[in-house]
Student: 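A single structure is presented below for examination.
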Number of protein chains: 2
Amino acid sequence: MLEKERGNAAQVALGGAGERARRQPLRQPSIKDIARLARVSHPTVSRALQNSPLVNPATAAKIRKIAEAAGYRPSAVARGLVTRRTRTVGLVVTTVADPFAGEVACGIEQAANDHGYAVFLANSNADAECERKMVQALAERRVDGIIVTSSRVGSDYLPMLAELNVPMVLVNDQYPGEFVHSVMIANENGSRAATEHLIELGHRRIAYVGDRSGYQTETERLEGYKQALAAAGIEYAAELAVHGDGRPEAAVAAMDGLLKLADPPTAVCCYNDMTAMGAMRAIRTRGLRVPEDVSVTGFDDLFFAKYLEPSLTTVRQPMRRMGQMAMENLLKLMSGEDSVAQVKVEAELVVRGSTGRAGANPGLKVETGGTRASGAGRRNG
Amino acid sequence: MLEKERGNAAQVALGGAGERARRQPLRQPSIKDIARLARVSHPTVSRALQNSPLVNPATAAKIRKIAEAAGYRPSAVARGLVTRRTRTVGLVVTTVADPFAGEVACGIEQAANDHGYAVFLANSNADAECERKMVQALAERRVDGIIVTSSRVGSDYLPMLAELNVPMVLVNDQYPGEFVHSVMIANENGSRAATEHLIELGHRRIAYVGDRSGYQTETERLEGYKQALAAAGIEYAAELAVHGDGRPEAAVAAMDGLLKLADPPTAVCCYNDMTAMGAMRAIRTRGLRVPEDVSVTGFDDLFFAKYLEPSLTTVRQPMRRMGQMAMENLLKLMSGEDSVAQVKVEAELVVRGSTGRAGANPGLKVETGGTRASGAGRRNG
DNA sequence: ATTGCGACCGCAAACGTGTGCAATACGGCG
DNA sequence: CGCCGTATTGCACACGTTTGCGGTCGCAAT
């Protein structure tokens, strides 16, 4: 009864056009509100605001002015409901606190924003179960597309993708069948270039500190390392290939293990810059010097690489650009194109101060100021 | 006419319960679809799926099973439209590629996720105009709340907040009037502790390398530095307080300027770790050593601080925790509570290897292994 | 004067869900 | 046998927007 009365009151308020809504003090004005104000129907308002040629320019201008004055903001959720497109994408990532993910996310967000898309952030914390839940949640939000970086679930994506029917692109993780789209760095070439660089400096006993095994990037970078060894006629020694978890803490332990070997390495090729940072710490803790006693290479070229002491020789990934590319490919996918498939971007070796000639004294002393030299190794191709 | 016929066909298909929808092959099943399958009305399905006690447990179970089998995913956008709450928050940040922002974002995302909220990521690129646009866009998406970290617009928020009528909390930026809610680090205390630490080590000529001036965190940290000087009877020298932009590149230049002074500093208190990283580079480039020739302190305790060489003495912010707190406060605000206002979290000085006793030789040599010592300075309070 | 046409506008339906209320069924009680 | 309370379900509407289609009006052509 009370309810009914409220309903009637609303009806009355709606009838009187000059009357401003008073019932819900803190409601955003709707398209109908400003239609009433402009004394037109709400479809006309809708058309006016999207610059439809179907509406008289004069009334359109008037409507726009009134909408502006009323502080009207169209509801993306209502629009999404009827158009069945939310102009929204999901970004799932192990954690945005990871510098690599942060850079990629930045590129994605920028490209998305340029095209009027908003991006949902979802941390998987490197947990497969959690990652699956995230993708499900994104599907409920009716995102138009999904980008996953450095996935931890891998083979479960295929069925999920089929079920969800949502365009999806992976960055730095790929899926064998050519069903899933992706943008990847040239892991093998990059890792091979780094290792070749060490070999050219005279190193023969070269170690590799990887991520947890089983993920594609890890596998490929290890493979590049092996290729370079093989090409130089150096036998691959399993004891020299150890695993961390992609973060400095684990790398310290892994590197320390290598240094305790009877015949320790004089150079180490690391899975990424975080690992390299940990490796350098372990080396110094044992009283050894970089690069005089052991040379170190990284992968990624994160912002801190050139500010380490010595600055880090590493393989550069154009992370932000890769994020952009992923988003651009996703846009194509969402608009129906199906041709993008998977793109591979070239890696670039950046030689700095953490690598030196084998033997006690630094023969080739690259200036430590963070200057970037073009890759000494062969260009991948 | 044709339209009518299609309408009839749909009606027929809807009547035949056994018939699976064939007209729209790639449409997500709606609540009505599974209502038809379960031979109940769609409100019953809605109630069953949200465990309402109003529905018979047996039919509820049956409905859930059918929904599960059909791969039904409720549409958050439709739900948001009717409930007027999207369970969505916006996070605007200068850039997620910044490690500080990344950590905060991580904490926010986690807390949001725990409570069933999704977060929109919006980079402002430190541009006020862009930041305003972002907030507007978020309002159109009908977010339930907004978190802004390290804002660059400041005074424009008040009117926007009033107009948008969306709960909002700022992290590490605050607004004078007690209208805006915020969570902040104790900038003055932290910066003062760092400076006091340098003074206790015997330094008298202590420089400060800040961010661009005008932002609150910068002002407060500079203020803490001045307070410590004053308390020790050291006169503040304007030539020793210079500005970078919070990133290493600018810090290199700023620090280099300091070192060219007739009477250069023997210690430098930096606005944040990124700045400190740049300062260390500048010091080394001039052939000087850290900390023997000049001591350096940072602020933030980013992940790389303990892996620099030497490891960085800095003021720790519990960044992830601060993100969580911001989100939790926002949750309270969104549920109607209005009591949170602004919280200030304590900063903690972490002494490592980049600070040493004034004079050529390192007197107090903290172990370089990244071990964390409790603050030598007085605890702020 | 009727017809036709183009410009402009409103009607109504739809998107998928939640919810107040009425309706129905059923069992117990007087 | 009638009445009432309770459990369960369906009806109808709402949320704010888009869009196909039909309607009105003014004007030129027949």
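Everything numeric in this text was worked out from a predicted model, so none of it was measured. Within every chain, numbering begins at 1; the chains are lettered A, B, ... in the order of the sequence lines, protein sequences first and strands thereafter.
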Student: Just the rounded figure in Å: distance from P of C:dC8 to CG of A:Asn56.
Tutor: 5 Å
Student: Between B:Glu140 and B:Gln136 (side chain of the first, backbone of the second, donor and acceptor by atom type, cut-off under 3.5 Å), is there such a pair?
Tutor: no
Student: Among A:Val166, A:Val169, A:Val89, A:Leu330, find the residue that satisfies the side-chain contact (heavy atoms from CB on, under 4.5 Å) test when tested with A:Ile146.
Tutor: A:Val166
Student: Has the side chain of B:Asp144 got a donor or acceptor atom that lies under 3.5 Å from a matching backbone atom of B:Arg87?
Tutor: yes
Student: Please check if the side chain of A:Arg142 supplies one atom and the backbone of A:Ala139 the other of a donor-acceptor pair under 3.5 Å.
Tutor: yes
Student: Charged N to carboxylate O under 4.0 angstrom, B:Glu68 versus B:Lys65?
Tutor: no
Student: Taking 4.0 Å as the cut-off, does a side-chain nitrogen or oxygen of B:Arg142 come that near to OP1 or OP2 on D:dC15?
Tutor: no
Student: Does A:Arg84 place a side-chain N or O at less than 4.0 Å from the phosphate oxygens OP1/OP2 of C:dG16?
Tutor: yes
Student: Could you check whether any side-chain N or O of A:Asn123 sits under 3.5 Å from a backbone N or O of A:Asn125, counting only pairs where one atom can act as donor and the other as acceptor?
Tutor: no
Student: Using salt bridge (Lys or Arg N to Asp or Glu O under 4.0 Å) as the criterion, list what pairs up with B:Arg64, not counting sequence neighbours.
Tutor: none
Student: From CG of B:Leu54 over to C1' of C:dT24, roughly how many Å is that when rounded to an integer?
Tutor: 15 Å
Student: For the helix from C:dA1-D:dT30 to C:dG30-D:dC1, figure out the bend between the end axes, five pairs an end, and round to 10 degrees.
Tutor: 80°
Student: Identify, residue by residue, the members of residues 73-82 of chain A with a heavy atom below 4.0 Å from DNA chain C, and return them in order of residue number, or none.
Tutor: A:Leu81, A:Val82
Student: Compare side-chain N and O positions of B:Ser46 against OP1 and OP2 of C:dG18 and report whether any pair is under 4.0 Å apart.
Tutor: yes
Student: Pick the nucleotide of DNA chain D nearest each of A:Ser30 and A:Arg47; which residue has the one closer to the 5' end?
Tutor: A:Ser30
Student: B:Ser41: which residues meet the side chain to side chain donor-acceptor pair (under 3.5 Å) condition with it, sequence neighbours left out?
Tutor: B:Thr44
Student: Check salt bridge (Lys or Arg N to Asp or Glu O under 4.0 Å) between A:Arg79 and all other residues, then give those that pass, not counting sequence neighbours.
Tutor: none
Student: Between A:Lys32 and B:Pro43, who's closer to the 5' end of DNA chain D by nearest nucleotide?
Tutor: B:Pro43
Student: In this structure, how many angstroms lie between the P atom of C:dG16 and the CD1 atom of B:Ile31, rounded?
Tutor: 11 Å
Student: To the nearest angstrom, how far is B:Ile34 atom CD1 from C:dT17 atom P?
Tutor: 9 Å
Student: Reckon B:Thr59 has a side-chain N or O less than 4.0 Å from the OP1 or OP2 of D:dT9?
Tutor: yes
Student: Do B:His42 side-chain and D:dT9 base share a donor-acceptor contact under 3.5 Å?
Tutor: no
Student: Please state whether the phosphate of D:dG10, meaning OP1 or OP2, lies under 4.0 angstrom from any side-chain nitrogen or oxygen of B:Thr44.
Tutor: yes
Student: Over how many whole Å does the gap from A:Gln28 atom CD to D:dG16 atom C1' extend?
Tutor: 12 Å
Student: Which pairs count as ring-ring contact (aromatic ring centres under 6.0 Å, His included) when at least one residue sits in residues 116-150 of chain A, sequence neighbours excluded?
Tutor: A:Phe120-B:Phe120
Student: How many Å lie between CG on A:Leu49 and P on D:dT19, as a whole number?
Tutor: 13 Å
Student: Rounded off to whole Å, could you give me the CD-to-C1' distance for the B:Gln50 and D:dT9 pair?
Tutor: 15 Å
